Amino acid sequence: MPRFRAILDTMPAYRAGKAVVSADGRSYKLSSNESPYEPLPSVVEAVARAATTMHRYPDPAATALTEALAEHHGVPAEHVALGAGSVTVAQQLFETVSEPGAEVIYAWRSFEAYPLLADLAGATSVRVPLLGETHHLDAMADAITPNTRMIFVCNPNNPTGTVVQAAELEAFLERVPENVLVVLDEAYREYVRDPGVTDGLTVYRERPNVAVLRTFSKAYGLAGLRVGYLIGGEPVAAAVRKTTVPFAVNHLAQAAAIASLAAEDELLERVDAVVAERGRVREALIEQGWEVPATEANFVWLRLGERTLDFAEACAGEGVAVRPFAGEGARVSIGDPEANDTFLAAAAAFRKNA
Ligand SMILES: *Cc1c(COP(=O)(O)O)cnc(C)c1O
């Protein structure tokens, strides 16, 4: 038998959200924070056009998309680094900082991919428990040692939907040494409505050790095509680019992302609709008697503890797939109104039967 790295035996597996089907054939996937909308016709057309040249390799530097993003955000193109989804960019970040003994700090519970990427890269994970349902930034700053290389702040946090406020973030960043990279994972930035939350793109301009991760998977509805990016200072973006597998971002994905930036107004209207549904779902849950942390993302979080798996099963019985974290809670994406109503009915029935 070939010999593999020992870490492969102990690494957690990434568990993707699954779809479920009820006995009467209903199926609502609220387990992966996807957009409930089908792609825009203009984006599908751009992909169809790009498909006619798919016998050619993609532009390895993704020049057109990089420039479109630079213009969109008002940053130099040298500050942009692309990947096949922002999870891949996160993986590249882990590769840029990891060597034996290197520590990476992140909140827990937070995005499931972080521990996996840390293990794969050979970094040591330092998990700092949430305070309530929110990043405990003071404790995260306390956890910094001379071995700390990188800190992830997931804002809004997946799976709790909570945010860190501008003043808290500023006080935290003041405590982080300049040679430690802080990554603001803003996969859900477009859903944020709380004016007290800083846009990471303003922070990175003032702090060379801060970089921002964004994705086309959520608000832009391109989860199936895999495009994400980092915006950071020149040295950070350049380091990430060095770890890219050649041609990582495929030709269709590049075309779809460019078309999505061009159709941003239409896409952001959809985000507004999801945000409105988020408010409706959260209020209805609170009315049912649930405690639901304020959420700035496209999902809600229910801390169910030992009842988590039972709850997920009850929802599955109604055709609603949620994302359970056994013993902790369930994350439920905001879908279209019909999906949300079905979920709300399942949640109400669960409370009655509990
Ligand atoms: C969904 C998500 C991502 C983005 O994943 P992609 O690889 O871009 O699809 C990144 N970070 C967090 C916290 C997420 O929830």
Side-chain angles (χ1 to χ4, degrees), residues 14-18 29-36 39 62 65 69 80-95 104-118 120 125 127 130 133-135 150-164 182-192 197 200 211-232 240 243-245 248-250 252-254 256-257 260-261 267 271 274 278 295-301 322-323 325 329-335:
Y14 184 83
R15 275 172 303 174
K18 293 193 201 87
K29 188 164 175 248
L30 302 182
S31 52
S32 296
N33 300 341
E34 294 152 337
S35 167
L65 175 55
L69 281 168
V80 181
L82 288 159
S86 58
V87 170
T88 305
V89 185
Q91 176 174 26
Q92 292 171 240
L93 282 165
F94 274 96
E95 285 177 11
V104 176
I105 299 173
Y106 50 87
W108 201 249
R109 174 156 296 270
S110 187
F111 187 35
E112 264 192 296
Y114 302 152
L116 189 135
L117 298 179
L120 262 185
S125 281
R127 298 177 179 193
L130 297 172
E133 303 293 1
T134 311
H135 276 68
M150 182 164 69
I151 306 174
F152 265 79
V153 177
C154 187
N155 197 32
N157 188 44
N158 176 1
T160 58
T162 55
V163 286
V164 300
V182 177
V183 181
L184 304 175
D185 187 342
E186 296 188 337
Y188 302 97
R189 173 67 209 174
E190 295 83 1
Y191 298 95
V192 173
V197 180
V212 179
L213 280 184
R214 297 277 179 94
T215 178
F216 283 94
S217 295
K218 309 284 161 54
Y220 288 82
L222 299 183
L225 278 177
R226 319 301 306 125
V227 206
Y229 57 99
L230 167 135
I231 292 183
V240 170
T243 62
T244 304
V245 172
V249 183
N250 75 66
L252 304 187
Q254 292 183 31
S260 299
L261 288 174
L267 291 167
V271 170
V274 170
R278 169 179 85 195
T295 170
E296 293 290 328
N298 64 341
F299 50 83
V300 292
W301 171 247
V322 304
R323 182 67 151 269
F325 298 93
R331 188 193 71 200
V332 187
S333 310
I334 302 300

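The analysis underlying the following values was restricted to heavy atoms, covering all of them including side chains, and did not include hydrogens, waters or symmetry mates. Every number for a ligand or one of its atoms is a count from 1 in the order of the listing. Quick caveat: nothing in here was measured; it's all calculated off a predicted structure.
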List ligand 1 atoms under 4.0 Å from [X], heavy atoms only on the residue side.
| X | value |
| --- | --- |
| A187 | 2 (C), 3 (C), 10 (C), 11 (N), 12 (C), 14 (C) |
| G85 | 6 (P), 7 (O), 8 (O) |
| C154 | 13 (C) |
| N158 | 13 (C), 14 (C), 15 (O) |
| V87 | 5 (O), 6 (P), 7 (O) |

Quick one: do the [X] and [Y] side chains pair a donor with an acceptor below 3.5 Å?
| X | Y | result |
| --- | --- | --- |
| R331 | N158 | yes |
| Y188 | N157 | no |
| E296 | T162 | no |

Among all protein heavy atoms in this structure, tell me which lies nearest to atom 9 (O) of ligand 1, with the distance rounded to 0.1 Å.
S217 OG, 2.5 Å
Which residue supplies the protein heavy atom nearest to atom 11 (N) of ligand 1, what is that atom called, and how far is it?
D185 OD2, 2.8 Å
Which option out of K218, Q91, R226 puts a heavy atom nearest to atom 14 (C) of ligand 1?
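Answer by nearest heavy atom: K218.
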Contact with ligand 1 for Y188, non-hydrogen, under 4.0 angstrom:
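The answer is yes: ligand 1 sits under 4.0 Å from a heavy atom of Y188.
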Heavy-atom gap S86 to ligand 1 smaller than 4.0 Å
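Flag set, S86 near ligand 1.
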Is E186 reaching over with its side chain to a backbone N or O of G200, donor-acceptor style, under 3.5 angstrom?
yes
Do the rings of F216 and Y229 sit parallel, tilted or perpendicular, given the 30° and 60° boundaries?
tilted
Counting only nitrogen or oxygen atoms and a 3.5 angstrom limit, does T88 reach ligand 1?
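So ligand 1 has no N or O lying under 3.5 Å from an N or O of T88.
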Are any of the N or O atoms of N33 closer than 3.5 Å to those of ligand 1?
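Not met; the criterion fails.
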Hey, does T295 have a side-chain heavy atom less than 4.5 Å from the side chain of T160?
no
Between F299 and Y191, ring centroids under 6.0 Å
no
What's the verdict on side chain to side chain contact (heavy atoms under 4.5 Å, CB included) for M150 and Y106, showing C-alpha distance, side-chain angles and the deciding distance?
CA-CA 9 Å; M150 182 164 69; Y106 50 87; over 6 Å; no
